[in-house]
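What follows is a set of notes on a single structure, which appears directly below.
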Amino acid sequence: MATATKFIGKPLKRKEDPRLIQGIAHYVDDLVLAGMLHAGFVRSPHAHAVVKSIDSTKAQSAPGVVGVFTAEDFRGQIGIVPCAAQLPDLKGAPRPVLATGRVRFVGEAVAVVVASDRYALRDAMDLVEVDYEPLTPVVDPEKAISKNAPVLHEPSADNVSFRWELEGGDVKRAFKQADKVIRQRILNQRLVPMAMEPRGVLAEYKRGEKTLTVWSSTQIPHLLKTQLAAMLGTPEHSVRVITPEVGGGFGSKLNVYPEEAIVAHLAMRLGHPVKWMESRRENFVCTIHGRDQIADVEAAVSKDGTLLGTKWRIIADLGAYYQLLTPLVPTLTGLMLAGSYKVPAIKIEIIGALTNKMATDAYRGAGRPEATYYVERLMDLIAAELKMDPAEIRRKNFPLPKEFPYTTPTGVAYDSANYQRSLDIALKKSGYAKLRKEQAALRKQGRYLGIGVSTYVEICAMGPSSAMPAGGWESATVRVEPTGKVTILTGASPHGQGQETSFAQMGAEVLGLTPDDVNVVHGDTGAVPYGIGTFGSRGTAVGGTAAYMSLVKLRDKLAKIVGHLTGEDPKNFVFGGGSISSKSSANKSISLGEAIGAAYTAKTLPQGMEPGLEATTFFEPTNFTFPFGAHVCVVEIDAETGGVRLLKYVAVDDCGNVLNPLLVEGQVHGGIVQSVGQAMFEEAVYDEHGQLITGELMDYAIPRADAMPWMETHRTVTPSPVNPLGVKGVGEAGTIGATPAIINAVVDALAPFGVRHVDMPVKRERIWKLMRRKAAPKRAPRAAAKAKPKKKSKSAARRRTSRRAR
Amino acid sequence: MSVEIQVRVNGQPRQSTVEPRTLLVHYLRDVLGLTGTHVGCETSLCGACTVLLDGRAVKSCTMLAVQADGANITTIEGVSGLNGSNGGLHPVQEGFWEKHGLQCGFCTPGMICASVELLSKNPNPSEAEIRHALHGNLCRCTGYQKIVESVRYAAGKMKARKR
């Protein structure tokens, strides 16, 4: 990439904003079609039950009702919900679009009502009578995989979805050589992605043209198109998926849901457009959840703090059925369990457990926040055990910059990094040394300051196709229009990330135009070449690269045309200010318009050159990218209330080269605050009956505007060698790096109370109890740590139970 | 059963017949076609549906259209017509654009309306006052920091224009 740039790397304000700030953009619910009907789903209030009968007579005859449909009505007409994950010996957990005879989670749809307006629909839904015979639900994932648990999917003998094992290095030897072995159980609670716009679908079928158009709030329009064609038995060339504005996704819309297929089917069946909008309550119970793992780790270390080996056993609660990537997400945790450290030996066992809950799937970070959280907690546990500084133990175990590409013992090749530098900057910017002094002084006054450090690496820019279930490439077509305007069609389907701006910056840079000359089109399978979508921090690294390569192809073609017209060497041109100029001779320059005209009128083209100015690239990356960084968080805990207050947050992130620093900053901020959500507030709690008792915003707390101190963000730049832009991706960095920094700070604050670990979220009650479990701050805090975990986990389990029972 | 209501929306007098149970947000969106006001939770907890009712920020998803009878309503579509807009965008809208105060944009109309109300009462709010005023409006994308910057920008701009 060129070093001196005019637009790339500049903080341009967004092109997409004017329509959004004036309320004149269109999300799915803003679209209205003539004759449009509304669909609503009748959902199971039981976590596990046999559906004995459904009586829709009353609902059928209610005012405005067009029809009531159950699984019987769709038999043989709509296929099961697709799962793209492939793992050896993966157990089947097929999900029909409407429950057939048995429901397996609260919120599973049993019937769909169609009516002429929203209010009539709401009335009629209450009239559908469903007779259930409750079965014993399986809620706890450990119990689910134990003997004698009720089985969710017969004829399977148990609820084990898969066992995934990975080992590298000599683990036995590592533990034999260890001076210390540190053990801990670490929970990663279930979360609700909570995009501000719930899901929504609108479908229209034109009988004459035989075209089915589906507007859906999705991150993956093309994959949805293919899956809908397969589920509905409709030829794919007659299906078009459009994503209008998408009000946030965070992975929750990286999926194919029953409602999308049913609404499309109903539009075809009824001959009317049909719309369904998810309510927030539905969004909580039947849009995918994230995280939900129990990790038991053992680490072998030498007394100087060198990591020798780690052993992991992780139970992942998958819920009742698989959504698109459900079983795959925990394996991403497995891939990143080396963290940013040289661990010579790693042994991992991951068990997927089926329970009577909504499916977990890819939520911002998807498996990697879990891994980073475990590893970064572990580093602090080791530091505490060895009485080392948390920053020092990290530095001791980093691979050196010259060791990159660095391959972990489990075979993951990190592309490029300088972990030392980001940690140094984070420590310096946060005033780490001074903070430690301040902490010591405040403790004497009975005030509890905590300083948390996390140094993370993530696996991003998903990814090479060999490692992806549906292909890991991305497409882009660039067209220079005859009038000199440029259209970039990208297969990545952004939904808030700002690629209409950042890709336009690239277009302007490469072709010597302004960003206003470049229009970025996305999210319409009828207009854009087949693509994969936006997730896994891939939009710019993979989708952006495809666009860049197409732009370069057109620049080269234009240069050849001008070379042909002027006799100049095509390599000798610069693009800018609306002209293509020779570096050596002023009279060999022509206007961009003239060159474009030559391409379209096709009268003076070099021999053999095709007319027109359009180029398509399907970019296949050779590897993932591995963004990294160091975060420092400072908290103070109120000894009276157990309340945790964030005082300071410093983030140093390295996402490689950057197209627009404003957008990068926005991604980092948002990610950090979602981490604050997991660390401090959020928890999807199912009670013993399988009821989601934090099923609305009144009970499920997401961070509000006053949750945060002013975040300080810095960047280092280590270009990725994996793509020509040198970008690594940034969409998930915040959610990956921040959670452990916050919890490490909280545990650090509680060190005088003998606390070595706290499970998330760190609500007041939990902290208050921990501070009273051991009253005197002066006693030697970390004796008998080895014997503790089991006892501790039991008490943690008790705490959870009592909270849920309340 | 239907009820007649008279309201002024974005400066335009409107006379409509609505069901008594019609929510204000559905009246604005489905009857008047003003779809800039969004429904995010139907329980007044997320703030995506915030509009200005006689200058006060209210959540239109938990208010009935009939309760708005006689009121002067401003939705996001009408914010640019308020005082201080200088004919183009309202300074708060400018602020959100300049300072990258939005990503997916779904919470933005409500955020902007709540911010307009804040600045009408408190032309020079501190960071804490801004955060407090926007406490009832959730954003899942931005982490709020750039929203705070957006509101500060707007406050500065409005002050400069008054001079």
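Labels below follow one simple rule: chain letters A, B, ... track the order of the sequence lines, proteins then strands, and each chain is numbered from 1.
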**Request:** Heavy-atom distances under 4.5 Å only: say whether Q497(A) touches chain B with side chain, backbone, both or neither.
**Result:** neither
**Fill in**
Rounding to 0.5 Å, atoms CG (D706(A)) and CD (E127(B)) come to a distance of 10.5 Å
**Fill in**
When every non-hydrogen atom of L45(B) is compared with those of R704(A), the smallest separation belongs to O-NH2, 3.6 Å
**Message:** Taking the basic N atoms (NZ, or NE/NH1/NH2) and the acidic carboxylate oxygens, is any pair closer than 4.0 Å for R122(A) and E19(B)?
**Reply:** no
**Among E98(B), H132(B), Q145(B), residue most engaged with chain A (heavy-atom pairs, under 4.5 Å)** = Q145(B)
**Prompt:** Relative to chain B, which segment of D117(A) carries a heavy atom at a distance below 4.5 Å: side chain, backbone, both, or neither?
**Reply:** neither
**Message:** Under 4.5 Å from any heavy atom of chain B, what part of P494(A) do you find: side chain, backbone, both or neither?
**Reply:** neither
**Message:** Just so I know, are the side chains of D30(A) and H38(B) near enough to count as touching, which here means a heavy-atom distance under 4.5 Å?
**Reply:** yes
**Prompt:** Side chain, backbone, both or neither: which part of V148(B) has an atom under 4.5 Å from a heavy atom of chain A?
**Reply:** side chain
**Message:** If I measure from the heavy atoms of chain A, does T22(B) come under 4.5 Å with its side chain, its backbone, both, or neither?
**Reply:** both
**Request:** Taking the side chain as every heavy atom from C-beta outward, state whether Y144(B) and M711(A) have any pair of such atoms under 4.5 Å apart.
**Result:** no
**Message:** Do L662(A) and K146(B) make a side-chain contact, defined as non-hydrogen atoms from C-beta onward lying under 4.5 Å apart?
**Reply:** yes
**Region of Y119(A) in contact with chain B, defined by heavy-atom distances below 4.5 Å** = both
**Asked** For F106(B), is it the side chain, the backbone, both or neither that has a heavy atom under 4.5 Å from a heavy atom of chain A?
**Response** both
**Request:** Flag the one option from P703(A), G498(A), A195(A), P11(A) with the top tally of heavy-atom pairs under 4.5 Å to chain B.
**Result:** P703(A)
**Request:** Evaluate side chain to side chain contact (heavy atoms under 4.5 Å, CB included) for E149(B) paired with W710(A), printing each intermediate quantity in order.
**Result:** CA-CA 11 Å; E149(B) 285 186 55; W710(A) 201 256; 3.6 Å; yes
**Prompt:** Between G734(A), S279(A), A705(A), which has the largest tally of heavy atom pairs under 4.5 Å with chain B?
**Reply:** A705(A)
**Pairwise side-chain contact, T142(B) with H669(A), heavy-atom cut-off 4.5 Å (strictly under)** = no
**Request:** Measure P198(A) against the heavy atoms of chain B and call it side chain, backbone, both or neither at under 4.5 Å.
**Result:** side chain
**Request:** Output yes when R281(A) and E42(B) qualify as a salt bridge under the 4.0 Å nitrogen-oxygen rule, no when they do not.
**Result:** no
**Message:** Which atoms of T108(B) are under 4.5 Å from chain A, going by heavy atoms: the side chain, the backbone, both sets, or neither?
**Reply:** side chain
**Item:** Atom pair CG/CD1 of L102(B) and I21(A) - distance to nearest 0.5 Å
**Value:** 7.0 Å
**Asked** Hey, are the side chains of R29(B) and D29(A) touching, using non-hydrogen atoms and a 4.5 Å cut-off?
**Response** yes
**Item:** R118(A) versus chain B, the contacting section by heavy-atom distance below 4.5 Å
**Value:** side chain
**Message:** Determine whether V673(A) and R140(B) satisfy the following criterion, side chain to side chain contact (heavy atoms under 4.5 Å, CB included), listing intermediate values before the conclusion.
**Reply:** CA-CA 8 Å; V673(A) 175; R140(B) 195 62 157 165; over 6 Å; no
**Asked** So which of G249(A), G670(A), A25(A) has the largest heavy-atom pair count under 4.5 angstrom toward chain B?
**Response** G670(A)
**Asked** Using a cut-off of under 4.5 Å for heavy-atom pairs, which of H495(A), E682(A), E245(A), E696(A) has the most such pairs with chain B?
**Response** E682(A)
**Request:** Under 4.5 Å, counting heavy-atom pairs only, tell me which of V32(A), L663(A), I672(A), V246(A) racks up the most with chain B.
**Result:** L663(A)
**Proximity breakdown for L134(B) and chain A, heavy-atom pairs closer than 4.5 Å** = both
